[in-house]
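All heavy atoms count here, side chains included; hydrogens, waters and symmetry mates do not. Within every chain, numbering begins at 1; the chains are lettered A, B, ... in the order of the sequence lines, protein sequences first and strands thereafter.
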Amino acid sequence: MSAAVSPIEQMVVVLARDLADGELGAAGAAALVPMAAIALARELHAPNLTVGGEMFFNPEPGRLYPSMLDDRALGRCEAAETFIELFGHSHHGLDFFFHSGLQHDVYGNINLHHVGGTLHAPKMRGPGAANLSYCHTSSRYYICPTVHTARNFVETVDFITIPGHLSGPAAKRDAGLVNEGPRLVVTPRAVMEFDKTTLRMQLKSVHGGNTPEEVQRHTGFDLAIRGEVPQTRPPTEEELRVLRERIDISGALRA
Amino acid sequence: MSAAVSPIEQMVVVLARDLADGELGAAGAAALVPMAAIALARELHAPNLTVGGEMFFNPEPGRLYPSMLDDRALGRCEAAETFIELFGHSHHGLDFFFHSGLQHDVYGNINLHHVGGTLHAPKMRGPGAANLSYCHTSSRYYICPTVHTARNFVETVDFITIPGHLSGPAAKRDAGLVNEGPRLVVTPRAVMEFDKTTLRMQLKSVHGGNTPEEVQRHTGFDLAIRGEVPQTRPPTEEELRVLRERIDISGALRA
Amino acid sequence: MEGQAKPTRRSKVTGLQDAARLARGALEERPELCLGGLFKQSRPVALVRALLAAGADGLHVYSSPGAGYDVDLMIAAGAVAQVFIPGVTLENRLCPNFRRAVEAGQVTAHALDALTVVGGLMASAHGVPFQPIDALRGSDVLKHNPLLHEIDCPFSGRRIHAVGPIRPRVTFLHAQEADRWGNLRHLSTMVYADQLMARASDMVIASVDRIVPDEVVLDDPSRVTVPSNYVDAVVEVPYGAHPTASFPNYAMDEEHIDAYADLGDAARTGDSTGLDAYITRHLTEPKNQSDYIEAVGGTGYFAVLEAEARNE
Amino acid sequence: MEGQAKPTRRSKVTGLQDAARLARGALEERPELCLGGLFKQSRPVALVRALLAAGADGLHVYSSPGAGYDVDLMIAAGAVAQVFIPGVTLENRLCPNFRRAVEAGQVTAHALDALTVVGGLMASAHGVPFQPIDALRGSDVLKHNPLLHEIDCPFSGRRIHAVGPIRPRVTFLHAQEADRWGNLRHLSTMVYADQLMARASDMVIASVDRIVPDEVVLDDPSRVTVPSNYVDAVVEVPYGAHPTASFPNYAMDEEHIDAYADLGDAARTGDSTGLDAYITRHLTEPKNQSDYIEAVGGTGYFAVLEAEARNE
């Protein structure tokens, strides 16, 4: 079964395993992978995990959608809130959240505003982002872009939309970022974590079918590969069965 | 028909006549008389008067209740709000509001906290009051207690819960009270207004069956009676018919 | 995972006495108790009685800006030290035990206004250090209000007011329905400050007229007034708001409240036998809500209040 | 009063073009326009098209913190000077005209965050001079955000943020239903910031899928999301949110938006013939909503979107 595992499914499974029972969290703007991960965790080991902190609680979407912020995905849920309650949640924080962007750098900073030029004279203008609070009011967050190239993994982002670890522990402390920040970076190729001392990104494991050298080649900064890099633990049969039969009915994660 | 007019009905009619079409206002805590007045105005000359600014819009109570803050009176209305919206309304103000208390003084200040003693060692502790904002954020308000004696109309209140004109124009200006404040004082005996220069209360008219001397005897300060005091214009047949047939079905205003 | 015990979602449905013990324990840490509803509607009176039976005392009581019977009863039972509620009244008459205890110096009744209370709950719910207020002038309440501060407005340059977060340790709410996860449905038109309090509080315990199947919630999520995330325990209590109302299910029991107030007034002027008997009969003796219902007059008695709520 | 013409209550039901003229006049005084809904749901697109047809320009556009198609279309039509929206995206791809115009320096797109926008609307709705914010750190957005101020918190002593009132001159909303007085009923689960915007704005104009009888509102007042007091005009517009969704009545038209984005991308890279034709066909030529419906594909075309909203 695992031979047929798509890179996106592998991402979902890695993220789901890191979410704990009883936690409160939300999926963020690029919701397909995060929402699948949350749903998988709730099915397998975290039935008391609450999806909340955006404008709805515990949605029961019939299938996965690229956007999870409208009635198509959320019409069936346990409760609806508005941006006023989101204002409060953004201050109180969640247990976990998800982010991804146009560029991600070695410290996990994320850029959604512009590539090249300046904010008001950009070479390429991005979409911006709405919620800039959960990245630090929440206990931790995950970075999970669905592409992984040397163009979107760069040494230094052109604009810090979402702060990761800024330029390391001192800068983070000076900015008042007291929580964990980005914990894992999960892409279609690999899983990265952050060095405890420097807070620089490093390779943790590569998904089946990838080599550490390949991952490094598609990354615009040094991934600090030392010695053997383990393979990411592939989905179990149970994980894959539940994911495909109960969550991703339409096969969006294999498209 | 007017022979049978109750003093409370006379109050309602006086108040209703002063409310204009298109205005926004609410009844306040002692709601029986104000809500009847608002309803009468809407029936007769102000169909675009909006009841709002508490936690409901345009209620259609089947009959009048002493309290108009629960579903018994308000379950049928055009919309429901909560205390958060009331917070906003309290800042933005209404066109009119209503107040009454344990004591009212010559400047229209109202006391609902204590009679005698001090706040924390009161001789008699009153109920207090919730909304202290509409008295000055609204364009004007009306004072309409359903009793009128020398005990509840006193020269100076023991505690200013709801500011009227404080101690006159200078004090009012110093406190930042920029709106009209209390316009009329309507009781079962008479109608009082405030002298434009001193802002002290003075007799405007007496209801049928009362004399200026009687009203003065039941008032704890000088009502500045000079010459002839007119009689309050009694309810017209139309006013009385609409009031009794469409608003006060149960006769609460005649009890 | 096959063969392993799969974790299941935990129900928040609790018994009345367990809920009261949970609340009492929390209030021993910090005595701020907040009550939902307003005046004679949707007050969590059964939870209040259970808390009094569990022996709470020294409470600091908050509420939406208007309260009456329940706070007066808590004062009669000797459980209250301070009252942070702008208006305390039975609406058609004064609260007898509130008045007596404040006049005797046994209870501190702070002079507050609605915006301070609502603004403090807003600051807590929103997670900000304070809520600006710019609509209070001229009242003597401003000289005494212990929660209100004057600040220099950095935007207008004027002196305005501000209130810090009011964060009740425990809030009691009464709603008409909930599912077993604790999603509350207020079916009444008026919901007052219940949603705000739920978001502002450390712990929320709700009584409801009935627990409904999960699908009732899922089929109409817009009707959920308080998501379960804010709710720690939910208790199904028939007539749990009595003698206040739970519209559209039953109306307030004006006669009961009036009779209570007569006994309170008698106690205030020297004869406390009636009030003592009332407390024994409604608070001390009933072991559970069924006993209370019997003490009040049985289910036949409540049918009248139900009919009144249906406008019959 | 017998024999005299008795005044009657005025209906707020208006035609689409009259509503657009009303908005345009107000926006000439002050160009702040705010749009309801979020991304591809409940966006007041018919009102936007009517406003563009009426010749608005130089607009400062606000929204709930995420917008896409409608803002991009307004930019394509040359009506926008400044954008005050944190996220501008079609979600699955970038907004082509937004991107082109900002890169060319024709439109100023401010760097903002959601809390600034929501907090500014809150301050306006609540009537206070500012809203404190204490959840922004480390982002470069904080260096550029024109609405955000650092203040000394009088409670915590820390440096925190604050935003002054955002008071749109005109807000366009789309709801599913309204009565003739302008009481709005959002039947969708998600209502986003529509209620907040209505309370924060000088003028509110709403499009709805249908006008309902008065009794529909009176029989269920809890379903009214925006009381008529906040609403200046209401317009019944079939498919008035298209190509965004009006759940539960019809789904978003992803293919239409995608085709539009392809034309926008072509224009961005040099070939604007397709985009010009799109604007002529959907904006310039239709005299009314019936013409627009025909231009898009007729009512048969919309039946598919209706079926999708019913999960068929």
Side-chain angles (χ1 to χ4, degrees), chain A residues 29-31 55-56 59 62 66-67 69-72 74-77 79-84 86-87 90-93 109 111-114 117 119-137 157-164 166 171-172 175-178 181, chain D residues 38-42 64-66 68 85-92 94-95 98-100 102-103 105 108-115 117-119 121-122 125 131 133-142 144 158 188-196 244-245 247-248 251-252 308-309 311:
Chain A
M55 286 167 292
F56 49 88
S67 164
L69 280 172
D70 51 56
D71 272 30
R72 189 167 55 170
L74 306 171
R76 191 168 168 86
C77 60
E81 295 191 319
T82 74
F83 273 102
I84 290 195
L86 202 155
F87 186 92
S90 296
H91 281 80
H92 293 299
N109 302 303
N111 174 17
L112 285 140
H113 272 85
H114 67 93
L119 178 66
H120 289 299
K123 186 153 180 302
M124 185 272 197
R125 180 51 154 91
N131 197 303
L132 310 184
S133 297
Y134 282 144
C135 61
H136 63 92
T137 62
V157 292
D158 294 350
F159 186 97
I160 298 177
T161 303
I162 309 292
L166 293 177
K172 204 176 157 185
L177 301 174
V178 296
Chain D
L38 185 78
F39 290 130
K40 292 174 189 161
Q41 180 169 328
S42 292
S64 73
I85 306 174
V88 181
T89 168
L90 299 172
E91 297 185 279
N92 53 333
L94 301 176
C95 277
F98 168 77
R99 186 183 157 185
R100 174 192 52 72
V102 175
E103 290 168 9
T108 301
H110 296 283
L112 293 165
D113 63 279
L115 298 195
V117 172
V118 175
L121 292 168
M122 286 165 68
Q131 170 65 45
I133 301 176
D134 193 19
L136 296 173
R137 313 234 197 295
S139 170
D140 285 346
V141 169
L142 307 182
H144 298 275
R158 290 184 289 103
S188 54
T189 300
M190 306 294 278
V191 181
Y192 308 120
D194 281 21
Q195 294 138 307
L196 179 60
T244 73
F247 288 105
M252 56 282 279
E308 195 182 328
N311 267 312

In the structure I gave you, are the side-chain heavy atoms of [X] and [Y] within less than 4.5 Å of one another anywhere?
X: A:H91; Y: D:L115; value: yes
X: A:L69; Y: D:L38; value: yes
X: A:S133; Y: D:L136; value: yes
X: D:T189; Y: A:F56; value: no
X: D:Y192; Y: A:L86; value: no

Go through the atoms of [X] and report whether side chain, backbone, both or neither lie under 4.5 Å from a heavy atom of chain A.
X: D:L121; result: neither
X: D:M122; result: side chain
X: D:E91; result: side chain

Checklist line | chain D contacts, top residue of A:L166, A:T161, A:N131 (heavy-atom pairs, under 4.5 Å) | finding: A:T161

Margin query: With chain A as the partner, which of D:N311, D:I133, D:L90 has the greatest number of non-hydrogen pairs under 4.5 Å?
Written below: D:I133

Item checked: D:F247: side chain to side chain contact (heavy atoms under 4.5 Å, CB included) partners, not counting sequence neighbours -> A:D71, A:R72, D:Q41, D:S188, D:A245, D:A251, D:M252, D:A309

Notebook entry, point to check: Shortest non-hydrogen contact from A:R125 to D:V102?
Noted result: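 In terms of heavy atoms, the two residues are closest at CG-CG1, 3.8 Å.
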
Next item on the list: Please state whether the side chain, the backbone, both or neither of A:H113 comes within less than 4.5 Å of a heavy atom of chain D.
Entry: side chain

Next item on the list: Would you mind checking which part of A:C77 comes under 4.5 Å of any heavy atom in chain D, side chain (CB onward), backbone (N, CA, C, O), both or neither?
Entry: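 Looking at A:C77, just its side chain touches chain D.
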
